[in-house]
Amino acid sequence: MLDKKVVELLNSQVNKEFYSAYLYLDFSNYYHDLGLEGFGNWYRVQAQEERDHAMLFMQYLLNNGEKVELEAIEKPNIKITSAKAVLSEGLEHEHYVTGLINSIYDAAYSVKDFRTMQFLDWFVKEQGEEETNAENLVRKFALFGDDPKGLYMLDSELGARVYTAPSLVI
């Protein structure tokens, strides 16, 4: 049986991951409206990842005999001001999610819940990758975003991204 506080945080994370998917779909739609299909694709794939992260948290709770508490998912409330700003908002959001994962890990550690800590190890690693990817996008846009040819090439690169489901065994 999992600790009550850990269960509460895991349930909250389910909803935060679904919110992340909504946010990234909003970003995707913004880029599609601009005609930057590659950027739109990159964030659509990102949304798929976040949805699957939510599903992994749900399955972990169910596998441990816990009730999943789904809440209403907020409409993304980030005011998008530019193509460049979206990338910065995405990086900031990944930092936020990393903090959430770390808080759950800390709660599990405090009650010696090694099984949950082991489950979260994958997410800790994943968040490192997510932050690196978001930082790289910000950096690349800073380098190439003001040059139409560079932006075209970057958009083409991002358009090649395909979704790969996580291989985490719960």
Side-chain angles (χ1 to χ4, degrees), residues 1-31 39-81 84-139 161-170:
M1 193 163 165
L2 300 177
D3 176 78
K4 182 179 178 182
K5 170 109 172 122
V6 171
V7 170
E8 181 181 303
L9 289 169
L10 290 168
N11 261 306
S12 177
Q13 192 63 30
V14 168
N15 291 287
K16 300 288 186 187
E17 297 289 343
F18 280 130
Y19 172 80
S20 295
Y22 270 37
L23 179 65
Y24 291 149
L25 286 173
D26 198 35
F27 290 177
S28 176
N29 291 337
Y30 175 80
Y31 282 121
F39 282 83
N41 174 69
W42 198 91
Y43 273 109
R44 191 173 41 252
V45 170
Q46 198 64 24
Q48 289 174 297
E49 282 190 10
E50 303 306 337
R51 182 205 58 218
D52 280 355
H53 293 170
M55 300 301 286
L56 289 169
F57 279 103
M58 287 175 52
Q59 192 61 54
Y60 181 77
L61 286 163
L62 293 171
N63 288 353
N64 284 280
E66 299 295 341
K67 183 173 173 40
V68 175
E69 302 282 340
L70 296 176
E71 301 291 334
I73 306 302
E74 282 184 52
K75 178 181 178 179
N77 58 0
I78 293 174
K79 183 166 173 31
I80 298 173
T81 58
K84 182 179 180 180
V86 171
L87 301 176
S88 296
E89 292 287 352
L91 175 57
E92 187 176 319
H93 186 73
E94 289 302 336
H95 289 306
Y96 168 71
V97 173
T98 297
L100 294 171
I101 300 294
N102 289 345
S103 293
I104 303 169
Y105 201 101
D106 186 53
Y109 178 79
S110 71
V111 294
K112 297 185 183 344
D113 181 353
F114 301 113
R115 181 176 14 176
T116 299
M117 290 165 55
Q118 184 179 29
F119 167 71
L120 292 171
D121 283 341
W122 183 87
F123 288 96
V124 170
K125 181 177 182 254
E126 174 71 5
Q127 279 310 118
E129 292 172 8
E130 298 287 8
E131 287 184 10
T132 298
N133 290 337
E135 287 168 358
N136 287 342
L137 278 178
V138 168
R139 191 174 302 113
R161 184 181 187 200
V162 294
Y163 179 66
T164 306
S167 59
L168 175 64
V169 178
I170 321 175

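Quick note: numbers below take in every heavy atom, side chains included, and nothing from hydrogens, waters or symmetry partners. Please read these numbers as outputs of a predicted model, since none were measured by experiment.
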How close do [X] and [Y] get, heavy atom to heavy atom, and via which atoms?
X: Asn11; Y: Lys67; answer: ND2-O, 3.1 Å
X: Ala54; Y: Val14; answer: CB-O, 3.6 Å
X: Leu9; Y: Ser103; answer: CD1-O, 4.0 Å
X: Glu131; Y: Thr98; answer: OE2-OG1, 2.5 Å

Rounded to the nearest 0.5 Å, what separates atom [atom1] in [X] from atom [atom2] in [Y]?
X: Leu87; Y: Arg139; atom1: CG; atom2: CZ; answer: 12.5 Å
X: Asn41; Y: Arg161; atom1: CG; atom2: CZ; answer: 8.0 Å
X: Asp113; Y: Gln118; atom1: CG; atom2: CD; answer: 10.5 Å
X: Gln127; Y: Thr132; atom1: CD; atom2: OG1; answer: 10.5 Å
X: Trp42; Y: Leu137; atom1: CH2; atom2: CG; answer: 4.5 Å
X: Leu56; Y: Asn63; atom1: CG; atom2: CG; answer: 10.5 Å

ring-ring contact (aromatic ring centres under 6.0 Å, His included) partners of [X], counting only residues at least two apart:
X: Phe123; result: His53, Phe57, Phe119
X: Tyr96; result: His93
X: Tyr105; result: none

**Asked** Is the closest side-chain heavy-atom distance between Leu62 and Gln59 below 4.5 Å?
**Response** yes
**Asked** Any side-chain heavy atom of Asn64 sitting closer than 4.5 Å to one from Arg115?
**Response** yes
**Request:** State which residues pass side-chain hydrogen bond (donor to acceptor under 3.5 Å, both in side chains) with Tyr24; sequence neighbours excluded, sorted by chain then number.
**Result:** Glu94
Looking only at atom types and distance, does a side-chain atom of [X] sit under 3.5 Å from a main-chain N or O of [Y], one as donor and one as acceptor?
X: Ser20; Y: Lys16; value: yes
X: Tyr60; Y: Leu120; value: no
X: Asn15; Y: Glu74; value: no
X: Arg51; Y: Ala21; value: no
X: Asp3; Y: Val111; value: no

**Item:** Under the side-chain contact (heavy atoms from CB on, under 4.5 Å) test, residues paired with Ile80 that sit two or more places apart
**Value:** Asp26, Phe27, Tyr30, Val86
**Request:** Using a cut-off of 6.0 Å, state whether more than 12 heavy atoms not belonging to Glu92 lie near its atom CD.
**Result:** no
**Item:** Over 12 foreign heavy atoms within 6.0 Å of CE, Met117
**Value:** yes
**Request:** Apply side-chain contact (heavy atoms from CB on, under 4.5 Å) to Met58 and Glu17, showing your working.
**Result:** CA-CA 11 Å; Met58 287 175 52; Glu17 297 289 343; over 6 Å; no
**Request:** For side-chain contact (heavy atoms from CB on, under 4.5 Å), just list the numbers for Tyr19 and Val97, CA-CA rounded to whole Å, side-chain angles, deciding distance to a tenth of an Å, and then say yes or no.
**Result:** CA-CA 11 Å; Tyr19 172 80; Val97 173; over 6 Å; no
**Item:** Listed once per pair and sorted, the salt bridge (Lys or Arg N to Asp or Glu O under 4.0 Å) pairs that draw on residues 119-129, sequence neighbours left out
**Value:** Lys125-Glu129
